[in-house]
Amino acid sequence: MSTATADIYRPGLEGIIACETAISSVEGRQGAGGLEYRGYPIEELAESATYLETAHLLLHGHLPTQAELDAFEDRIRAARAVPEPLIELLRNVPRHVHPMDTLRTSVSVLAHYDPDLAASPTDHAANVRKAERLIGQMATAIAYRERIERGLPLLAPRDDLDHAANFLYMVNGEVPSETKRKAFDVSLVLYAEHELNASTFAARVTVSTLSDLHSGIVSAIGTLKGPLHGGANEEAWKVLEQVGDPDKAHAWITAALGRKERIMGFGHRVYKTGDPRARILKRYCQQIAHEAGEDRWERIAEPIEREVTAQKHLPPNVDWPSARLYHYLGLQIHIYTPIFAMARVAGWAAHVIEQLDHNRLMRPRARYIGQPSRDVEPIEARG
Ligand code: SDX
């Protein structure tokens, strides 16, 4: 192809189709925006499928039978244990290091000890095994680091608890109520996959060079950390705390927008009429807020949503309700984005495997706007 070919340039690749995928769609059945994982509407998955059923759908391409789910859950439970050297490292990383950074490091360390380390990067079966192990291991790595941060003893994973309940137990030291377990599990289903978002794109670009799955996941974690992407759920909680009172929402939002600030938890590159995940999670938010005696935050969130929608026509995205839910579940703000990552690893891995199964190196072009072509002057002539 001639380098002179005038190609399409869209800042931020907005609206550009960069690959084809069978994993998820954000078009919705009427094309008006809606999320489906392998053809199943997110509303139905959130209601009727657990996170591990959803992860099986993403990785294996179909919802599991009961026997398949039992075997899958056994493999994830077996993968909850992490190597001792990683635990030692998590104990020694300085306290001020953000949990997204320790998660990124953890996945790099887990790669060193993965039984399929020597497998070819395009070995489909090995990649699925690596992905299943990461689903179990990442939850444990986040929980262990959190307990170390809090100066509390590590709690071993419990085989009698499902993925959602076990994580909450390993972090908080108590088995959650069924309503809290379900609400957290729904948040993991909603966070599990989202087409070609920035972190998924980063993962696909990484493995399109025939690099390995763990390297793709490390790229994705680094990308998700940013406040314009996964980091928004931490920032969304800070908005609620700063407003602090329903009667102050109008003045606070008006002032922030006046300063051209972005209100974290609102807006979306793809959903312009609302993020379906936010609508689903809001119901669970309200239920758990009441159970936790934290209704005041729902009373603060409502006028903020009204103000941002009225003044900027921007509806909430998934990070807006997830920040509140995680607060009600007793989780510290700094692990909100790591939780996003431990859910999204199923989607990231599915995309990595799809890329490696039908790979083409991703190498877009850049339009040059620098200095015109010129000759190098000898250093003595550079005045
Ligand atoms: C996630 O892509 C995915 O799928 C991501 C995700 C997933 O599941 O993987 O859905 C998860 O990342 C959700 C988004 C979380 N991020 C935030 O909540 C951060 C706040 N949101 C914004 O930064 C913004 O809405 C983006 C980044 C999410 C989307 O931005 P766009 O589509 O690139 O829009 P833009 O930056 O071109 O802004 C268009 C206009 C601008 O105003 P003008 O300069 O034209 O006057 O809208 C304004 C922006 O200033 N705007 C906002 C705003 N978002 C956009 N103004 C105030 N607050 C906001 N949140």
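All ligand and atom numbering here is 1-based and tracks the order in the structure.
Inside a 4.0 Å radius of atom 4 (O) of ligand 1 there is at least one protein heavy atom. Less than 4.0 angstrom separates atom 23 (O) of ligand 1 from at least one non-hydrogen atom of the protein. For atom 39 (C) of ligand 1, the nearest protein heavy atom is 4.0 Å or more away. Remark: atom 18 (O) of ligand 1 lies closer than 4.0 Å to at least one protein heavy atom. At a distance under 4.0 Å, no protein heavy atom can be found next to atom 34 (O) of ligand 1.
Close approach of ligand 1 to Met264 is summarised as follows: ligand atoms under 4.0 Å from at least one heavy atom of the residue are 18 (O), 19 (C), 20 (C). The distance from ligand 1 to the heavy atoms of Arg269 drops below 4.0 Å at these ligand atoms: 29 (C), 31 (P), 32 (O), 33 (O). Per-residue contacts place Gly267 under 4.0 angstrom from the following atoms of ligand 1 (heavy atoms of the residue considered): 25 (O), 28 (C). Taking every heavy atom of Asp319 and a limit of under 4.0 angstrom, the matching atoms of ligand 1 come to 1 (C), 13 (C), 15 (C). Atoms of ligand 1 lying under 4.0 Å from at least one heavy atom of Asn197, given by number and element, are 2 (O), 3 (C), 4 (O), 5 (C), 9 (O). Near Glu261, the atoms of ligand 1 lying under 4.0 angstrom from a non-hydrogen atom of the residue are 57 (C). Counting the atoms of ligand 1 from 1 in the order shown, those under 4.0 Å from a heavy atom of Gly265 are 17 (C), 18 (O). In the vicinity of Ala232, heavy-atom distances shorter than 4.0 Å reach the ligand 1 atoms 15 (C), 16 (N), 17 (C), 18 (O).
Scanning Arg262, His194, Lys260 for the heavy atom closest to atom 49 (C) of ligand 1 points to Arg262. With distances taken over non-hydrogen atoms, the option nearest atom 6 (C) of ligand 1 out of Glu193, Glu195, Arg344, His268 is His268. Considering Lys312, Arg277, His313 only, the shortest heavy-atom separation from atom 43 (P) of ligand 1 involves Lys312. When the heavy-atom distances from atom 16 (N) of ligand 1 to Thr223, Asp275, Leu228 are ranked, the shortest goes to Leu228.
The shortest N or O to N or O distance between His229 and ligand 1 is below 3.5 Å. Where the criterion is an N or O separation shorter than 3.5 Å, residue side chain and backbone included, Phe266 meets it with respect to ligand 1. Checking only distances, Leu314 never comes within under 3.5 Å of ligand 1, N or O to N or O.
Protein heavy atom nearest atom 14 (C) of ligand 1, with residue, atom name and distance: Asn317 ND2, 3.5 Å.
Among residue pairs with one or both ends in residues 78-88, those qualifying as side chain to side chain donor-acceptor pair (under 3.5 Å) are Glu88-Asn92; sequence neighbours excluded.
Enclosure of atom CD1 in Ile17 is not indicated, since only 12 or fewer non-hydrogen atoms of other residues, nucleotides or ligands lie within 6.0 angstrom. Counting non-hydrogen atoms of other residues, nucleotides and ligands closer than 6.0 Å to NZ of Lys272 gives a total above 12. More than 12 heavy-atom neighbours from other residues, nucleotides or ligands sit within 6.0 angstrom of CD on Glu178.
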Please assess Asp162 against Thr50 for the test side chain to side chain donor-acceptor pair (under 3.5 Å), listing each intermediate value before the final yes or no. CA-CA 9 Å; Asp162 80 343; Thr50 64; over 6 Å; no
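Rounded to the nearest 0.5 Å, atoms CG (Leu90) and CG (Leu154) are 9.0 Å apart. Distance check: Ile135 CD1 to Phe72 CZ gives 4.5 Å after rounding to the nearest 0.5 Å. Atoms CD and NE2, from Glu132 and His60 in turn, are 4.0 Å apart once rounded to the nearest 0.5 Å.
Under a 4.0 angstrom heavy-atom cut-off, Ile263 registers as being in contact with ligand 1. At least one heavy atom of Pro227 sits under 4.0 Å from some atom of ligand 1.
When the options Val26, Leu35, Thr200 are evaluated for a side chain to side chain contact (heavy atoms under 4.5 Å, CB included) with Glu195, the one that passes is Val26. Considering Glu234, Glu149, Glu146 as possible partners of His334, the one that fulfils the side-chain hydrogen bond (donor to acceptor under 3.5 Å, both in side chains) test is Glu146.
With salt bridges taken as basic N to acidic carboxylate O contacts below 4.0 Å, one links Lys282 and Glu305. Using a 4.0 Å cut-off between charged side-chain N and carboxylate O, Asp116 and Arg133 make a salt bridge.
With a heavy-atom cut-off of 4.0 Å, Lys272 touches ligand 1 through its side chain alone.
In this structure the side chain of Trp348 reaches within 4.5 angstrom of the side chain of Ser199, judged on heavy atoms.
In terms of modelled atom types and a separation under 3.5 Å, the side chain of Glu47 and the main chain of Glu44 share no donor-acceptor contact.
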